[in-house]
A.B. asks: 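First the structure, then my questions, so here it is.
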Amino acid sequence: QKEVEQDPGPLSVPEGAIVSLNCTYSNSAFQYFMWYRQYSRKGPELLMYTYSSGNKEDGRFTAQVDKSSKYISLFIRDSQPSDSATYLCAMSQIKGGGNKLTFGTGTQLKVEL
Amino acid sequence: DTEVTQTPKHLVMGMTNKKSLKCEQHMGHRAMYWYKQKAKKPPELMFVYSYEKLSINESVPSRFSPECPNSSLLNLHLHALQPEDSALYLCASSQVRGAPSYEQYFGPGTRLTVT
(Lines give C-alpha, C1' and ligand atoms only; values in the text may rest on other atoms or scores of the structure.)
Protein backbone atom coordinates (compact mmCIF):
# COMPACT_ATOMS: atom_id res chain seq x y z
CA GLN A 1 0.00 0.00 0.00
CA LYS A 2 1.35 3.43 -0.93
CA GLU A 3 1.77 5.93 1.89
CA VAL A 4 -0.16 8.56 -0.07
CA GLU A 5 -2.94 7.83 -2.57
CA GLN A 6 -4.25 10.38 -5.05
CA ASP A 7 -6.58 9.96 -8.03
CA PRO A 8 -4.46 10.78 -11.11
CA GLY A 9 -7.38 12.01 -13.18
CA PRO A 10 -7.38 13.59 -15.70
CA LEU A 11 -10.13 15.87 -14.46
CA SER A 12 -11.82 18.21 -16.93
CA VAL A 13 -14.21 20.93 -15.72
CA PRO A 14 -15.84 24.02 -17.27
CA GLU A 15 -14.63 27.47 -16.30
CA GLY A 16 -16.25 28.67 -13.07
CA ALA A 17 -16.78 25.18 -11.65
CA ILE A 18 -15.83 24.14 -8.15
CA VAL A 19 -13.01 21.59 -8.22
CA SER A 20 -12.41 19.02 -5.47
CA LEU A 21 -9.07 17.23 -5.26
CA ASN A 22 -8.41 14.56 -2.66
CA CYS A 23 -5.69 12.44 -1.09
CA THR A 24 -5.63 9.72 1.51
CA TYR A 25 -2.63 8.64 3.54
CA SER A 26 -1.62 5.81 5.83
CA ASN A 27 1.42 7.13 7.75
CA SER A 28 0.47 8.67 11.09
CA ALA A 29 3.93 10.31 11.30
CA PHE A 30 2.99 12.91 8.71
CA GLN A 31 2.85 16.31 10.40
CA TYR A 32 2.23 18.89 7.68
CA PHE A 33 -0.02 18.65 4.69
CA MET A 34 0.55 20.62 1.53
CA TRP A 35 -0.76 21.15 -1.95
CA TYR A 36 1.60 21.93 -4.79
CA ARG A 37 0.72 23.03 -8.31
CA GLN A 38 2.95 22.00 -11.18
CA TYR A 39 2.64 23.40 -14.66
CA SER A 40 4.03 21.38 -17.54
CA ARG A 41 7.85 21.35 -17.58
CA LYS A 42 8.09 23.50 -14.43
CA GLY A 43 8.99 22.80 -10.81
CA PRO A 44 6.21 22.36 -8.22
CA GLU A 45 4.89 25.55 -6.59
CA LEU A 46 3.55 25.52 -3.03
CA LEU A 47 -0.12 26.53 -2.96
CA MET A 48 -1.27 25.83 0.56
CA TYR A 49 -0.22 24.08 3.74
CA THR A 50 -1.82 23.10 7.01
CA TYR A 51 -0.87 21.05 10.02
CA SER A 52 -4.10 20.55 11.88
CA SER A 53 -7.50 19.13 11.12
CA GLY A 54 -9.97 21.67 9.77
CA ASN A 55 -10.21 24.13 6.92
CA LYS A 56 -7.83 26.81 5.71
CA GLU A 57 -8.87 29.32 3.09
CA ASP A 58 -6.70 31.44 0.78
CA GLY A 59 -8.56 33.31 -1.93
CA ARG A 60 -10.23 30.80 -4.24
CA PHE A 61 -8.48 27.86 -2.56
CA THR A 62 -9.58 25.94 0.54
CA ALA A 63 -7.49 23.16 2.07
CA GLN A 64 -9.20 20.66 4.32
CA VAL A 65 -7.58 18.07 6.58
CA ASP A 66 -9.27 15.27 8.51
CA LYS A 67 -6.57 13.51 10.51
CA SER A 68 -8.97 11.00 12.03
CA SER A 69 -9.86 9.74 8.55
CA LYS A 70 -6.36 10.39 7.11
CA TYR A 71 -7.92 12.40 4.31
CA ILE A 72 -7.05 15.78 2.81
CA SER A 73 -8.78 17.86 0.17
CA LEU A 74 -8.22 20.97 -1.91
CA PHE A 75 -11.17 22.93 -3.22
CA ILE A 76 -10.82 25.47 -6.01
CA ARG A 77 -13.73 27.90 -6.43
CA ASP A 78 -14.50 29.77 -9.64
CA SER A 79 -11.93 27.73 -11.54
CA GLN A 80 -10.04 29.46 -14.34
CA PRO A 81 -8.22 28.13 -17.41
CA SER A 82 -5.00 29.28 -15.73
CA ASP A 83 -5.67 26.70 -13.00
CA SER A 84 -5.02 23.96 -15.56
CA ALA A 85 -2.05 22.09 -14.12
CA THR A 86 -1.14 18.99 -12.13
CA TYR A 87 -1.97 19.25 -8.43
CA LEU A 88 0.19 17.26 -6.04
CA CYS A 89 -0.65 16.64 -2.43
CA ALA A 90 2.41 16.30 -0.22
CA MET A 91 2.92 15.24 3.37
CA SER A 92 5.84 16.06 5.55
CA GLN A 93 7.66 14.20 8.29
CA ILE A 94 10.87 14.98 10.12
CA LYS A 95 13.58 12.55 9.06
CA GLY A 96 17.26 12.90 9.82
CA GLY A 97 18.16 16.56 9.69
CA GLY A 98 15.56 17.53 7.17
CA ASN A 99 11.95 17.47 6.21
CA LYS A 100 10.95 14.58 3.99
CA LEU A 101 8.06 15.24 1.63
CA THR A 102 6.07 12.31 0.31
CA PHE A 103 3.99 13.25 -2.71
CA GLY A 104 0.81 11.84 -4.10
CA THR A 105 0.83 10.83 -7.77
CA GLY A 106 -0.76 14.15 -8.79
CA THR A 107 -4.13 14.96 -10.35
CA GLN A 108 -4.08 16.50 -13.81
CA LEU A 109 -6.71 19.26 -14.02
CA LYS A 110 -7.98 20.97 -17.17
CA VAL A 111 -10.32 23.93 -16.91
CA GLU A 112 -12.04 24.55 -20.21
CA LEU A 113 -13.54 27.77 -21.56
CA ASP B 1 13.93 36.60 -3.55
CA THR B 2 12.18 33.23 -3.43
CA GLU B 3 13.92 31.80 -6.46
CA VAL B 4 15.83 28.57 -6.80
CA THR B 5 17.85 28.42 -9.98
CA GLN B 6 19.08 25.30 -11.73
CA THR B 7 21.53 24.84 -14.57
CA PRO B 8 21.54 23.54 -17.18
CA LYS B 9 17.86 23.45 -18.21
CA HIS B 10 18.46 20.51 -20.49
CA LEU B 11 21.26 17.94 -20.59
CA VAL B 12 21.91 15.05 -22.95
CA MET B 13 24.70 12.70 -21.96
CA GLY B 14 26.05 9.34 -22.96
CA MET B 15 26.39 6.46 -20.53
CA THR B 16 30.16 6.97 -20.25
CA ASN B 17 30.04 10.72 -19.67
CA LYS B 18 30.55 12.65 -16.46
CA LYS B 19 28.41 15.73 -15.95
CA SER B 20 27.15 17.89 -13.10
CA LEU B 21 23.87 19.60 -12.27
CA LYS B 22 23.94 22.85 -10.33
CA CYS B 23 21.42 24.45 -7.99
CA GLU B 24 21.59 27.84 -6.25
CA GLN B 25 19.40 29.69 -3.75
CA HIS B 26 19.84 32.99 -1.91
CA MET B 27 16.98 32.74 0.58
CA GLY B 28 19.23 31.85 3.50
CA HIS B 29 17.82 28.33 3.60
CA ARG B 30 20.07 25.75 5.24
CA ALA B 31 18.30 22.64 3.92
CA MET B 32 18.60 21.68 0.27
CA TYR B 33 17.13 18.74 -1.58
CA TRP B 34 17.49 16.74 -4.79
CA TYR B 35 14.42 15.08 -6.28
CA LYS B 36 13.97 12.92 -9.36
CA GLN B 37 10.71 13.12 -11.32
CA LYS B 38 9.78 10.77 -14.13
CA ALA B 39 7.04 11.69 -16.59
CA LYS B 40 3.54 11.70 -15.05
CA LYS B 41 4.98 10.65 -11.68
CA PRO B 42 5.47 12.63 -8.47
CA PRO B 43 8.88 13.87 -7.37
CA GLU B 44 10.91 11.27 -5.47
CA LEU B 45 13.36 12.39 -2.82
CA MET B 46 17.01 11.49 -3.49
CA PHE B 47 19.14 13.49 -1.05
CA VAL B 48 18.77 16.04 1.74
CA TYR B 49 21.51 18.37 2.96
CA SER B 50 21.12 20.11 6.30
CA TYR B 51 23.70 22.77 7.24
CA GLU B 52 25.83 21.59 4.31
CA LYS B 53 25.95 18.03 5.63
CA LEU B 54 24.27 15.07 3.96
CA SER B 55 21.41 14.04 6.26
CA ILE B 56 19.27 11.81 4.05
CA ASN B 57 20.28 9.48 1.21
CA GLU B 58 17.27 7.58 -0.05
CA SER B 59 19.34 4.57 -1.15
CA VAL B 60 20.38 6.32 -4.36
CA PRO B 61 22.88 4.46 -6.61
CA SER B 62 26.46 5.67 -6.31
CA ARG B 63 26.47 6.88 -9.92
CA PHE B 64 24.73 9.93 -8.42
CA SER B 65 27.03 11.91 -6.14
CA PRO B 66 25.73 15.02 -4.34
CA GLU B 67 27.86 17.87 -3.07
CA CYS B 68 27.03 20.97 -1.04
CA PRO B 69 30.06 23.29 -1.26
CA ASN B 70 28.37 26.10 0.68
CA SER B 71 24.99 27.10 2.05
CA SER B 72 23.79 28.52 -1.28
CA LEU B 73 24.97 25.85 -3.70
CA LEU B 74 24.07 22.24 -4.33
CA ASN B 75 25.58 20.05 -7.02
CA LEU B 76 24.71 16.62 -8.33
CA HIS B 77 27.56 14.83 -10.06
CA LEU B 78 26.57 12.22 -12.61
CA HIS B 79 28.72 9.35 -13.85
CA ALA B 80 28.00 6.16 -15.80
CA LEU B 81 24.27 6.77 -15.90
CA GLN B 82 21.74 4.43 -17.44
CA PRO B 83 18.96 5.33 -19.91
CA GLU B 84 16.40 4.73 -17.12
CA ASP B 85 17.98 7.65 -15.23
CA SER B 86 16.48 10.02 -17.79
CA ALA B 87 14.13 12.29 -15.84
CA LEU B 88 13.52 15.81 -14.55
CA TYR B 89 15.89 16.51 -11.65
CA LEU B 90 14.51 19.04 -9.22
CA CYS B 91 16.33 20.99 -6.55
CA ALA B 92 14.51 22.48 -3.56
CA SER B 93 15.41 24.43 -0.44
CA SER B 94 13.77 25.18 2.90
CA GLN B 95 14.39 26.29 6.45
CA VAL B 96 15.82 23.53 8.63
CA ARG B 97 13.78 23.88 11.79
CA GLY B 98 10.54 25.46 12.88
CA ALA B 99 7.16 25.70 11.27
CA PRO B 100 8.28 26.90 7.84
CA SER B 101 10.66 23.99 7.35
CA TYR B 102 8.04 22.05 5.41
CA GLU B 103 7.79 24.92 2.91
CA GLN B 104 10.12 23.77 0.16
CA TYR B 105 10.83 26.04 -2.77
CA PHE B 106 11.53 24.18 -5.99
CA GLY B 107 13.66 25.15 -8.94
CA PRO B 108 12.47 24.65 -12.54
CA GLY B 109 14.49 21.46 -12.87
CA THR B 110 17.07 20.03 -15.27
CA ARG B 111 15.65 17.72 -17.90
CA LEU B 112 18.21 14.93 -18.30
CA THR B 113 18.33 12.49 -21.19
CA VAL B 114 20.80 9.59 -21.07
CA THR B 115 21.56 8.03 -24.45
A.B. asks: Please determine, among B:K9, B:K53, B:E58, the option with the most heavy-atom pairs under 4.5 Å with chain A.
C.D. replies: B:E58
A.B. asks: Around atom CD of B:E67, are there more than 12 heavy atoms from other residues, nucleotides or ligands closer than 6.0 Å?
C.D. replies: yes
A.B. asks: Checking heavy atoms, do the side chain of B:R30, its backbone, both or neither come under 4.5 Å from chain A?
C.D. replies: neither
A.B. asks: Please determine whether residues A:Y49 and A:F61 belong to a single hydrophobic cluster, defined as Ile, Leu, Val, Met, Phe, Trp and Tyr linked transitively by side-chain heavy-atom distances below 4.5 Å.
C.D. replies: no
A.B. asks: Is there a side-chain contact between B:E103 and A:M34 (heavy atoms, below 4.5 Å)?
C.D. replies: no
A.B. asks: Measure the spacing between NZ of A:K100 and OH of B:Y33 and express it to the nearest 0.5 Å.
C.D. replies: 12.5 Å
A.B. asks: Is chain A contacted by the side chain of B:Q6, its backbone, both, or neither, given a heavy-atom distance below 4.5 Å?
C.D. replies: neither
A.B. asks: Does B:W34 share a hydrophobic cluster with B:L54, counting links as ILVMFWY side-chain heavy atoms below 4.5 Å and allowing steps through other members?
C.D. replies: yes
A.B. asks: Do other residues, nucleotides or ligands put more than 12 heavy atoms under 6.0 Å from B:K18 NZ?
C.D. replies: no
A.B. asks: Quick check: do B:Q104 and A:Y36 have side-chain heavy atoms less than 4.5 Å from each other?
C.D. replies: yes
A.B. asks: Relative to chain B, which segment of A:Q6 carries a heavy atom at a distance below 4.5 Å: side chain, backbone, both, or neither?
C.D. replies: neither
A.B. asks: Verify the cluster assignment for B:F106 and A:L74: are they in a single hydrophobic cluster under the rule of side-chain heavy atoms below 4.5 Å apart?
C.D. replies: no
A.B. asks: Pick one of side chain, backbone, both or neither for A:Q108, based on which atoms fall under 4.5 Å of a heavy atom in chain B.
C.D. replies: side chain
A.B. asks: Are more than 12 heavy atoms from other residues, nucleotides or ligands located less than 6.0 Å from atom NZ of A:K42?
C.D. replies: no
A.B. asks: Do A:L101 and B:Y35 come within less than 4.5 Å of each other through their side chains, counting heavy atoms only?
C.D. replies: yes
A.B. asks: Can you spot which of A:L88, A:T102, A:T86 makes a side chain to side chain contact (heavy atoms under 4.5 Å, CB included) with B:P42?
C.D. replies: A:L88
A.B. asks: Are B:I56 and B:L90 connected in the hydrophobic side-chain network, where two residues link if heavy atoms are under 4.5 Å apart?
C.D. replies: yes
